[in-house]
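Step one of this worksheet: look at the structure below.
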Amino acid sequence: MKGITILGSTGSIGVNTLDVVSRHQDKFRIVALTANSNVELLVEQCIRWQPIYAVMANSENAEKLEKLIHDKAPDTRVLAGNPGLETVCQLAETDYVMAAIVGAAGLLPTLAAARAGKRILLANKEALVMSGQLFIDAIHDSHAELLPIDSEHNAIFQCLPPDISGGLGPNGVTRILLTASGGPFRTTALKDLEKMTPAQACAHPNWSMGRKISVDSATMMNKGLEVIEACWLFNTTADHIQVVIHPQSVIHSLVQYADGSVLAQLGNPDMRTPIAHALAWPERFDAGVPQLDLFEVAHLDFEAPDYERFPCLRLAREAVNRGGTCTTILNAANEVAVESFLHNEIRFTDIARVVEQTIDNLSVHEPDTLEVILADDQSARVEAGRIIQRLAA
Ligand code: NAD
Ligand code: MG
């Protein structure tokens, strides 16, 4: 039995993880479940799974949770805040940590799991984008295992040779082809983009996801964050990663080899596939996902991304090429801008403006320590807030 802690169990990835675990209850035990503000769903999950711990992001919600599960999950201990999240990542009972908190809030607990040498199932790409080398060093130092949950990175992981510690080139890999659906605005007239609402941005054609990543998919900042994520996960540079728009989201990514071969991973667009892959790895088991029917798919289309339509993708590529804390700044500015767009304070097309101006206005530092990374994350949030106030005025 492997013990699992799920950071962000009430979110889209968290709920899908519990669905996969429910199919393999002989193999897994839920050690801890955590949530930000959805007390009701965490109550339900605690009653169903009887975890050893449940964590709420703040103490007020933790008290509410404690009262509500007192009789129905009497052995579940309730903790609060970052110290609680870090504790449940480090427990001896925890073998696997599903890192599925959205945004920078996931960094400290995911880093705690890395330092504690756990198997990390990484959905929270923002943590890696923020802290890059520091995070990868923590994984290596503690011999933790890092398995990608992002469907594209999980696909690439499956298509790469099993040991890439010598680098991609020496293993015959020439290029990674990172697929993207193009999101809900792939064919929207450019002049109409500024009028797009949060509801339209969150209506993804192929995937059902949390609101932040849905907006990121509409701007294609998500793909930009994924280029950065791939650089760290697979020890490569952005020039070795080509983004390919593939509207059907059936091919989840591909790897090109020196001999002309291209390996791809295909499947129905359902996050339970990468989640099951990472839970079972190196074995395989049922994910509850219907088998792919190629006759039903019939066509696979590809196109090059357009930087005029998707300026966020260009900004992310520039940030990773520049290095240092530039990706930390990009990520923080984007989080603030997306939140502001979701609250109808700025227009859809302002998201890229806020990110670009924030990067232009700040200095980039060497991301040697967590303190430097957190300080630049904070400065970017303040600067993005100022830019938003000016835009909204
Ligand atoms: P979501 O919004 O549905 O869920 C987020 C989870 O994080 C919730 O459980 C919430 O309670 C928790 N959370 C949010 N803010 C928090 C805070 N400040 N402190 C503690 N907990 C907090 O998001 P999601 O779609 O499940 O995405 C989660 C992560 O997985 C993101 O980083 C996203 O980029 C990544 N991801 C998601 C998908 C997908 O299909 N949903 C695919 C690939 C990658
Ligand atoms: Mg993805």
Side-chain angles (χ1 to χ4, degrees), residues 5-19 32-42 44-45 54-59 61-62 65 79-86 88-89 97-110 120-130 147-157 178-183 202 204 206-217 219-230 233 243 246 249 251-253 265 267-275 278 289 331 334-335 338-339 342:
T5 281
I6 304 180
L7 299 173
S9 63
T10 54
S12 159
I13 294 289
V15 167
N16 275 308
T17 304
L18 287 171
D19 182 272
L33 296 173
T34 85
N36 185 30
S37 55
N38 192 343
V39 180
E40 295 73 25
L41 183 53
L42 196 58
E44 262 178 50
Q45 292 180 341
V55 188
M56 291 296 313
N58 68 49
S59 40
N61 282 332
L65 178 74
L79 304 177
N82 253 319
L85 292 173
E86 291 184 30
V88 297
C89 289
V97 174
M98 168 54 81
I101 289 176
V102 58
L107 175 63
L108 294 179
T110 308
I120 298 170
L121 285 61
L122 187 74
N124 178 212
K125 66 194 92 186
E126 296 94 339
L128 191 54
V129 168
M130 270 179 90
L147 290 166
I149 293 299
D150 218 340
S151 55
E152 298 77 3
H153 304 73
N154 184 272
I156 296 161
F157 179 89
L178 185 69
T179 55
S181 68
C202 289
H204 196 280
N206 307 335
W207 297 96
S208 151
M209 311 181 285
R211 282 164 72 76
K212 194 262 177 181
I213 183 176
S214 297
V215 176
D216 284 350
S217 298
T219 60
M220 274 187 86
M221 178 59 93
N222 182 51
K223 212 47 54 180
L225 298 177
E226 289 184 0
V227 169
I228 303 168
E229 182 186 14
L233 284 174
V243 172
H246 162 49
S249 298
I251 300 183
H252 299 306
S253 279
Q265 188 259 358
N268 287 313
D270 188 319
M271 288 308 293
R272 290 176 300 175
T273 295
I275 292 167
V289 178
N331 177 66
N334 180 59
E335 282 189 28
V338 170
E339 189 64 22
L342 285 171

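These numbers were taken from a predicted model, which means no experiment stands behind them. Just so you know, ligand 1 is whichever comes first in the structure, and atom 1 is the first atom listed for that ligand.
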Spacing of L342 atom CG and C202 atom SG [to the nearest 0.5 Å]: 5.5 Å

Nearest atoms (heavy-atom pairs only) where A104 meets E335: N-OE2, 2.8 Å

Contacting atoms of ligand 1, where contact means under 4.0 angstrom from a heavy atom of G8: 6 (C), 7 (O), 9 (O)

Contact partition for R211 relative to ligand 1, non-hydrogen atoms under 4.0 Å: neither

Residue-ligand contact A100/ligand 1, heavy atom below 4.0 Å: yes

D150 atom (N/O/S) at minimal separation from the Mg ion (ligand 2): OD1

D270 side-chain N/O to R272 backbone N/O, donor-acceptor pair under 3.5 Å: yes

Any donor-acceptor N/O pair, E229 side chain to H153 backbone, under 3.5 Å: no

Within reach of ligand 1, part of M271 (heavy-atom separation under 4.0 Å): side chain

N or O contact, A57 vs ligand 1, cut-off under 3.5 Å: no

Option of least heavy-atom distance to atom 20 (C) of ligand 1 (set: V129, N222, I101): I101

At the Mg ion (ligand 2): angle between E152 atom OE1 and E226 atom OE2, to 10 degrees: 100°

Sub-3.5 Å N/O-N/O distance, S12 and ligand 1: yes

Heavy-atom donor-acceptor pair, S9 side chain to G14 backbone, under 3.5 Å: no

For atom 35 (C) of ligand 1, closest protein heavy-atom neighbour: A123 O, 3.1 Å

side-chain contact (heavy atoms from CB on, under 4.5 Å) partner of V88, the single match among I6, V97, L79: L79

Of the listed options T10, N36, L42, I149, closest to atom 21 (N) of ligand 1 (non-hydrogen atoms): N36

Nearest-0.5 Å distance, OG1 of residue T110 to CG of residue L121: 11.0 Å

Main-chain N/O of P148 paired with N154 side-chain donor or acceptor, under 3.5 Å: yes

Those atoms of ligand 1 less than 4.0 Å from some heavy atom in E126: 31 (C), 32 (O), 34 (O)

Protein contact of atom 2 (O) of ligand 1 - nearest heavy atom, named by residue and atom, plus distance: G210 CA, 3.9 Å

Shortest protein heavy-atom distance from atom 26 (O) of ligand 1, along with the residue and atom involved: I13 N, 2.9 Å

Donor-acceptor contact below 3.5 Å, side chain N124 vs main chain I101: yes

Polar atom proximity, A35 to ligand 1 (N or O, under 3.5 Å): no

Minimum-distance protein heavy atom relative to atom 5 (C) of ligand 1: V102 CG1, 3.7 Å

Nearest-contact summary for atom 43 (C) of ligand 1 - protein heavy atom, Å: D150 OD1, 3.1 Å

Residue of the set K212, E152, K125 for which side-chain hydrogen bond (donor to acceptor under 3.5 Å, both in side chains) holds with N222: K125

Where ligand 1 meets N124 - atom numbers and elements under 4.0 angstrom, heavy-atom basis: 32 (O)

Flag, side chain of N38 to backbone of L41, donor-acceptor distance under 3.5 Å: yes

Q45 side chain vs L33 backbone, donor-acceptor pair below 3.5 Å: no

Atoms of ligand 1, numbered as shown, that sit under 4.0 Å from any heavy atom of G11: 1 (P), 3 (O), 4 (O), 8 (C), 9 (O), 26 (O)

